[in-house]
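Reading through the structure tokens given below for one structure.
We name chains A, B, ... by the order of the sequence lines, and we start the count at 1 in each one. These numbers were taken from a predicted model, which means no experiment stands behind them.
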Number of protein chains: 2
Amino acid sequence: MVSREYNSKKFITPDGYASDIAVFTITSESNGQYKPPIKFLKIMLIKRSNQDHEGNPNIEAGKWALPGGFVRSNETAFQTAERKLYEETGVGGLRIKHFGVYDSPGRDDRGWILSNAHYVIANEEFLKNRKTTKDASDIQLLTIEDALEINLAFDHRKIIDDAIWFIKKDMALTTLAKHFLPKEFVLSELQGVLLTVLDDPSIKTDAAFFRKAPTLPFLEAVSENGKLKKSNRYSKTPAQLYRFNDFQPITSVYSKKLKG
Amino acid sequence: MVSREYNSKKFITPDGYASDIAVFTITSESNGQYKPPIKFLKIMLIKRSNQDHEGNPNIEAGKWALPGGFVRSNETAFQTAERKLYEETGVGGLRIKHFGVYDSPGRDDRGWILSNAHYVIANEEFLKNRKTTKDASDIQLLTIEDALEINLAFDHRKIIDDAIWFIKKDMALTTLAKHFLPKEFVLSELQGVLLTVLDDPSIKTDAAFFRKAPTLPFLEAVSENGKLKKSNRYSKTPAQLYRFNDFQPITSVYSKKLKG
DNA sequence: TGAATAGTGTCTCTTAGACAGTATAAG
DNA sequence: CTTATACTGTCTAAGAGACACTATTCA
């Protein structure tokens with residue numbers, strides 16, 4: 001950052017600095033008793049109202065957009081994301097991750113407005129709270145296919161596209177999946193979450209996945225009173241419960257071996 | 001991005017939007033004829049002058065900082081990074097990658113100034129051009145250790161720290177190494193580049209690395225006139241030349257297998 | 001008992017990693 | 001003929017992937 005230029009002429013400064021959040025969740029739709037549910041990756045979008053608080057026409061009215069808001073001068077975009085998420089959904093403590101900045105000239109008709117984009121993984125349960133805090137008509141959970149088809153405000157299509165790319169990458173390379181799951185889960189649940197985003201034969205094939213998963217260093221079987229803890233929530237056969245531990249896997253294209 | 005609030009009161013807007021670039025290179029110091037050179041990861045920093053063009057005292061004068069500059073309202077931070085890099089070094093066409101935004105209140109005494117941070121990999125050759133375009137006294141290539149010890153302007157220590165983290169990650173997970181190497185290179189050169197950043201026994205061990213590397217899907221042996229092309233620039237024994245192809249490796253913690 | 005989910009047994013083929021050995025050319 | 005680099009041979013143990021088989025429970 002060179003300040004010479006800054007003083008040498010009057011620079012045009014941005015007209016706004018926004019923080020936007022792509023809120024993802026995976027919904028489970030029951031597929032019958034004792035069956036693993038069908039899962040879908042969904043994104044939360046809000047419909048922009050026709051007028052603002054003062055009754056003036058709203059920009060990009062009627063279109064769907066990512067939740068978010070303007071960053072205040074005494075906070076970071078990260079904090080704005082936390083605050084807005086809490087205001088809109090009543091939920092905090094979620095893992096928020098920055099993934100990009102959108103600053104193309106002309107991306108917002110109001111002027112030179114930057115967007116600092118984040119994504120968030122929300123466990124399905126959080127949605128139940130959300131429904132009560134806001135009118136369901138202007139906040140919706142959409143599948144990715146639907147979200148990319150509807151009329152999106154600003155450059156939010158591009159932002160959502162990118163967010164999905166980052167989610168896929170992080171799902172494959174990190175233990176991100178844990179944020180989509182309850183603390184204790186069954187292998188078919190993990191498999192279901194992974195398959196909403198990844199397309200990998202070794203995950204898809206039951207035999208391969210059920211053999212491999214218990215050996216993963218970041219997963220551990222749950223015990224209770226010295227006995228392995230099982231659940232039959234998705235099957236007649238009681239299935240072993242697992243949880244993520246704190247192991248952070250590191251992979252490399254040159255060595256392939258998991259390390260942490 | 002909700003516009004209600006935008007219209008409902010006069011928002012404070014940022015005082016500046018900067019684009020900073022962490023320029024990395026790996027220097028080779030000859031270790032004697034027919035020996036692989038010793039390599040060091042280095043970063044390019046500039047020393048902030050005491051006064052600006054108009055003779056006014058400069059902010060953070062005398063400290064070292066990342067090259068960069070203010071984003072103009074008709075360009076993106078990415079374009080600013082390209083422009084500044086060209087202005088400062090006379091070189092274009094480098095791979096510029098965004099990795100973060102720095103927006104903590106108080107990070108810059110001049111006001112609310114955001115920094116959009118990028119890193120760049122510069123091949124060693126580019127530095128020779130650079131030396132001629134600028135006074136060498138206020139642009140220096142420093143080892144990482146040195147860079148993190150000297151007096152850095154603003155929050156550039158944090159930015160550099162983060163940049164190094166991203167470089168290490170990308171070096172392990174992508175074919176980033178190619179940007180540190182000539183088009184055709186010998187395996188010991190690749191090994192040297194990787195070892196400046198990664199600490200992996202399967203890279204460090206010659207036998208393992210020399211056996212593995214030729215099988216990597218993103219590397220291919222170079223041929224010329226139907227014969228394998230060799231070089232003895234770093235050894236008496238002619239060594240096979242390799243180049244990167246366009247294969248983009250994808251790894252996963254759940255499957256470990258390389259895919260593209 | 002059948003049906004559905006949750007695993008295991010076993011086999012084959014490939015790969016990682018270690019250790020030792022061979023090959024090449026300069027001086 | 002020594003030395004330093006660049007590999008290759010060979011072994012072992014672990015892992016991936018495929019296919020068939022067993023185990024558990026509910027209705």
Practice task
Would you indicate what Thr215(B) reaches in the nucleic acid, counting non-hydrogen atoms under 4.0 angstrom: base, sugar-phosphate, or nothing?
Solution key: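 Since no nucleic acid heavy atom lies under 4.0 Å of Thr215(B), the category is nothing.
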Practice task
For Pro201(A), answer base if it contacts any base atom (sugar-phosphate contacts may also be present), sugar-phosphate if it contacts only those atoms, and nothing otherwise; contact means non-hydrogen atoms under 4.0 Å.
Solution key: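 Nothing, no nucleic acid heavy atom in range.
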Handout entry: 5′-ward residue of the pair Pro36(B)/Ala207(A) relative to DNA chain D
Key =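 Result of the comparison: Pro36(B).
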Handout entry: Donor-acceptor under 3.5 Å (His156(B) side chain, Leu66(B) main chain)
Key =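 Between the backbone of Leu66(B) and the side chain of His156(B) there is a qualifying donor-acceptor contact (under 3.5 Å).
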Handout entry: Asn116(B) (side chain) donor-acceptor with Phe78(B) (main chain) under 3.5 angstrom
Key =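 Absent.
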Exercise for the section: Please confirm whether any donor atom in the side chain of Thr237(A) sits under 3.5 Å from an acceptor in the base of dT24(D), or the reverse. Expected result: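 Result: at least one qualifying N/O pair found.
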Practice task
Classify the side chain of Arg211(B) and the base of dT14(C) as holding, or not holding, a donor-acceptor pair under 3.5 Å.
Solution key: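 When only heavy-atom distances are counted, Arg211(B) does not reach the base of dT14(C) through any donor-acceptor pair under 3.5 Å.
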Practice task
Would you mind telling me which residue lines up with the more 5' stretch of DNA chain C, Ala239(A) or Lys236(A), judged by nearest nucleotide?
Solution key: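 Nearer the 5' end of the strand: Lys236(A).
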Does [N] have OP1 or OP2 sitting under 4.0 Å from an N or O in the side chain of [X]?
X: Lys212(B); N: dA16(C); value: yes
X: Lys35(A); N: dT5(C); value: yes
X: Ser188(B); N: dA6(D); value: yes
X: Gln33(A); N: dA4(C); value: no

Practice task
Run the numbers on Asp199(B) and Lys204(B) for salt bridge (charged side-chain N to carboxylate O under 4.0 Å, His left out), then give the verdict.
Solution key: CA-CA 7 Å; Asp199(B) 182 35; Lys204(B) 216 176 278 178; 2.5 Å; yes
Handout entry: Between Phe218(B) and Tyr254(A), ring centroids under 6.0 Å
Key =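 For Phe218(B) and Tyr254(A), the ring centres are under 6.0 Å apart.
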